[in-house]
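Notes for the one structure printed next.
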There are 2 protein chains.
Amino acid sequence: MERAAVTVTIYDVAREAGVSMATVSRVVNNNPNVKPQTRKKVFEAIERLGYRPNAVARGLASKKTTTVGVVIPDISNSIFAEVARGIEDIANMYHYNIILCNADKKKEKEIRVINTLLEKQVDGLLFMGGVVTEDHIQAFRTSSVPVVLCGTKDEHQAMPSVDIDHEKAAFDAVNVLIAGGHRHIAMISGTLQDPANGFARYQGYRKALEAAGIPVRDEYVRIGNYRYESGIESTKYFLELDPRPTAIFSANDEMAIGAIHTIQDSGFKVPEDVAVISVDNIRMASMVRPTLTTVAQPMYDIGAVSMRLLTKLMNKEAMDYTQVTLPHEIIYRHSVAQS
Amino acid sequence: MERAAVTVTIYDVAREAGVSMATVSRVVNNNPNVKPQTRKKVFEAIERLGYRPNAVARGLASKKTTTVGVVIPDISNSIFAEVARGIEDIANMYHYNIILCNADKKKEKEIRVINTLLEKQVDGLLFMGGVVTEDHIQAFRTSSVPVVLCGTKDEHQAMPSVDIDHEKAAFDAVNVLIAGGHRHIAMISGTLQDPANGFARYQGYRKALEAAGIPVRDEYVRIGNYRYESGIESTKYFLELDPRPTAIFSANDEMAIGAIHTIQDSGFKVPEDVAVISVDNIRMASMVRPTLTTVAQPMYDIGAVSMRLLTKLMNKEAMDYTQVTLPHEIIYRHSVAQS
DNA sequence: CTGTTAGCGCATTCAC
DNA sequence: GTGAATGCGCTAACAG
């Protein structure tokens with residue numbers, strides 16, 4: 001194959017192969033109505049010329065790009081990496097390309113990225129994590145391509161989505177603590193503004209306590225920002241309290257790790273003095289000492305299922321439901337004493 | 001703004017505004033040759049119709065897509081996330097969109113992704129990390145768009161690239177150990193097949209030892225795969241040795257963390273019994289106990305500088321040099337005793 | 001300042 | 001099976 005110094009088009013291939021451009025188009029698109037011999041001639045010409053189909057022209061002519069846009073709220077968050085992997089595997093399976101766009105957890109940038117993707121005429125859109133506001137929905141509406149939310153949902157649950165039951169996940173996590181005999185359970189929460197993740201997890205915490213007849217104390221709840229440092233900060237605060245909590249439920253693993261280190265740095269032991277549990281199950285959870293007991297989100301599956309859902313939507317297949325809730329699972333490790 | 005149920009084109013806007021499509025095109029492209037009043041009319045029509053320019057058609061007509069493709073070898077590697085952030089900031093500054101494509105650290109997939117990006121007519125390509133083989137270079141050559149390697153280089157250093165001096169970084173790291181009085185220094189290396197990262201870091205290790213007159217022992221070197229588990233495995237091996245190493249140099253942070261935990265789990269202390277140092281400075285490095293002393297790669301800058309370099313290349317600006325080496329820096333934390 | 005006219009590279013009828 | 005013709009939505013000369 002030669003180098004394509006100047007662009008070689010479908011016309012060049014046609015001339016080289018002694019056929020019409022329509023025929024070249026057919027073989028490139030795997031249209032069966034081509035005599036095997038002709039097909040061979042064309043392939044040879046393609047090879048000889050180093051022809052590379054122009055996806056832009058194809059997209060314009062066919063009004064399909066076979067690519068789906070994925071907006072990642074925060075590329076440095078490892079959760080999304082795993083979800084992306086699930087998305088990719090299924091996308092490849094259905095011959096879609098995926099293009100990732102990072103949005104740095106900025107709403108304004110998310111909207112911009114959605115618009116860029118739509119301008120690029122993606123055939124579908126996957127929106128990962130983050131808060132879905134009216135503005136997002138507006139942006140989605142300006143186009144007619146299907147959108148599915150993965151790892152989050154919109155407030156009115158009107159859009160197709162794939163997620164876990166965050167409230168139930170939190171509820172289950174706190175119950176592990178309660179079952180272990182804990183009565184003084186603090187929570188490091190995410191922002192309560194986020195209905196899908198933040199608020200739901202907080203609700204799960206409250207409901208678990210209430211179900212066990214344990215009073216909910218305001219001073220046992222701190223709002224963090226999902227980062228390590230904020231886990232440290234919240235935990236320092238908890239450790240000063242009287243009575244000091246004997247267990248901490250963190251809204252995500254990263255803050256939980258901050259909690260563990262803070263507890264240890266303060267001369268206490270995990271889980272003996274303070275137990276820690278959280279939600280996510282990122283890779284790092286098994287890379288702390290003690291290893292972190294946490295509620296695992298099926299990240300890969302969330303990605304895979306939402307991509308599969310999207311293919312159906314793009315294909316206009318009939319669907320009985322477009323809101324799927326995947327199961328979560330408690331991973332018992334060593335930051336909570338085994339009962 | 002209405003919803004664009006059916007596609008509204010530049011013609012629709014032209015009709016709505018009572019001008020020609022050329023004029024609409026001008027205002028969309030910020031061409032100054034439009035009377036302010038006309039511009040206003042057009043904008044109103046755009047707003048009223050909910051017009052969204054079709055980037056695919058634009059790309060075809062202008063032969064430019066104002067997007068650059070970025071191939072990420074491994075999306076779950078946090079190093080690349082930071083590099084990507086640098087890339088993005090500069091890309092935005094120059095009004096380029098970036099599309100990320102993950103390649104799962106599979107060479108075959110890297111090549112496929114490069115081709116996909118090229119078919120999509122990106123204006124430039126950024127190739128992050130990983131090994132650059134002849135096949136990669138072949139793929140790059142089939143197109144005439146500029147390519148820059150970031151965080152790696154090709155064997156013959158023929159392609160534009162932005163990277164640190166890996167050998168020197170390793171050399172410096174090992175010297176920290178030597179300066180601390182260590183003579184029994186083991187290394188957890190990456191694959192020696194990778195000239196840019198793996199082999200260069202190993203070379204730095206050797207040279208540092210040689211320069212200090214310390215014999216290089218084969219049993220003090222283990223080849224890992226850059227992952228936590230492989231740090232554990234290698235360290236278990238080292239701990240059995242006689243004489244047992246008093247310090248370990250790891251080719252990357254993640255394996256170093258595995259080393260620290262293994263040392264601790266075996267009843268030894270870091271850094272008292274065994275010191276640990278590595279290269280990278282990922283976020284997790286400050287999230288271990290003890291915190292990890294490491295040689296920081298300027299990840300953000302690597303991304304930013306390579307994107308800047310790419311813009312110049314795309315712009316066909318004259319360049320004196322296209323191979324840039326950024327400085328690294330030793331971050332002193334607590335996994336090596338302060339001298 | 002604004003309109004007209006050609007393509008950009010390809011998929012896709014519709015004939016043959 | 002294959003070719004000729006048309007147009008996807010837009011930019012870019014070229015006129016005026």
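Heavy-atom basis, side chains included; hydrogens, waters and symmetry copies ignored. None of the values given here were measured: they were computed from a predicted structure. Below, chain A is the first sequence line, B the second, and so on; all start at residue 1.
- Residue pairs meeting the salt bridge (charged side-chain N to carboxylate O under 4.0 Å, His left out) criterion with at least one member in residues 149-164 of chain B, sequence neighbours excluded, are B/K153-B/D163.
- The nearest whole Å value for the distance from the CG atom in A/L60 to the C1' atom in D/dC8 is 4 Å.
- Remark: A/E110 pairs with no residue by the salt bridge (Lys or Arg N to Asp or Glu O under 4.0 Å) rule, at least two apart or across chains.
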Check nucleotides 3-6 of chain D for protein N or O atoms closer than 3.5 Å to its own N or O atoms and list the pairs.
unit_1 : atom_1 : unit_2 : atom_2 : d
D/dG3  : OP2    : A/S20  : N      : 2.9
D/dG3  : OP2    : A/S20  : OG     : 3.2
D/dG3  : OP2    : A/T23  : OG1    : 2.5
D/dG3  : N7     : A/R26  : NH1    : 3.4
D/dG3  : O6     : A/R26  : NH2    : 2.5

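- Looking at B/N29, B/V28, B/V27 one by one, the single match for side-chain contact (heavy atoms from CB on, under 4.5 Å) with B/S25 turns out to be B/N29.
- Applying the salt bridge (Lys or Arg N to Asp or Glu O under 4.0 Å) criterion to A/K107, with sequence neighbours excluded, gives A/D135.
- Contact annotation: A/N33 side-chain N/O to D/dT2 OP1/OP2 distance is not under 4.0 Å.
- D/dG9 atom P lies 18 Å from atom CZ of A/R58, rounded to whole Å.
- Here salt bridge (charged side-chain N to carboxylate O under 4.0 Å, His left out) pairs that include residues 57-68 of chain B, with residues two or more places apart or in two chains, number zero.
- Among D/dG7, D/dG1, D/dC10, the nucleotide with an atom closest to any side-chain atom of A/A61 is D/dG7.
- Taking CD1 of B/I99 as the reference point, atom CD1 of A/I98 lies at 11.0 Å (rounded to 0.5 Å).
- The overall bend of the helix from C/dC1-D/dG16 to C/dC16-D/dG1, read as the angle between its terminal helix axes built from five base pairs each, is 30° when rounded to 10 degrees.
- Scored by the salt bridge (Lys or Arg N to Asp or Glu O under 4.0 Å) test, B/K106 finds no partners at all (sequence neighbours excluded).
- By the side chain to side chain contact (heavy atoms under 4.5 Å, CB included) test, A/Y94 is found to be paired with A/I90, A/Y96, A/R308, A/T311, residues two or more places apart in sequence or in another chain being considered.
- The salt bridge (Lys or Arg N to Asp or Glu O under 4.0 Å) check on A/D74 picks up B/R85, with sequence neighbours excluded.
- Not counting sequence neighbours, the partners of B/A84 by the side chain to side chain contact (heavy atoms under 4.5 Å, CB included) test are A/I75.
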For residues 116-132 of chain A, which side-chain N or O atoms pair as donor and acceptor with protein atoms under 3.5 Å away, sequence neighbours left out?
unit_1 : atom_1 : unit_2 : atom_2 : d
A/T116 : OG1    : A/R112 : O      : 2.9
A/D123 : OD1    : A/T65  : N      : 3.1
A/D123 : OD1    : A/T65  : OG1    : 3.3
A/D123 : OD2    : A/T65  : N      : 3.3
A/D123 : OD2    : A/T66  : N      : 2.7

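- The residue A/T9 sits close only to the backbone: its heavy atoms come under 4.0 Å of sugar-phosphate atoms, none of a base.
- Contact check, A/K63 against D/dG9: a side-chain N or O comes under 4.0 Å of OP1 or OP2.
- Taking a heavy-atom distance under 4.0 Å as the criterion, the stretch of DNA chain C touched by chain B extends 5' to 3' from C/dC1 to C/dG9.
- Between B/S62 and B/P36, the residue whose closest nucleotide on DNA chain C is further toward the 5' end is B/P36.
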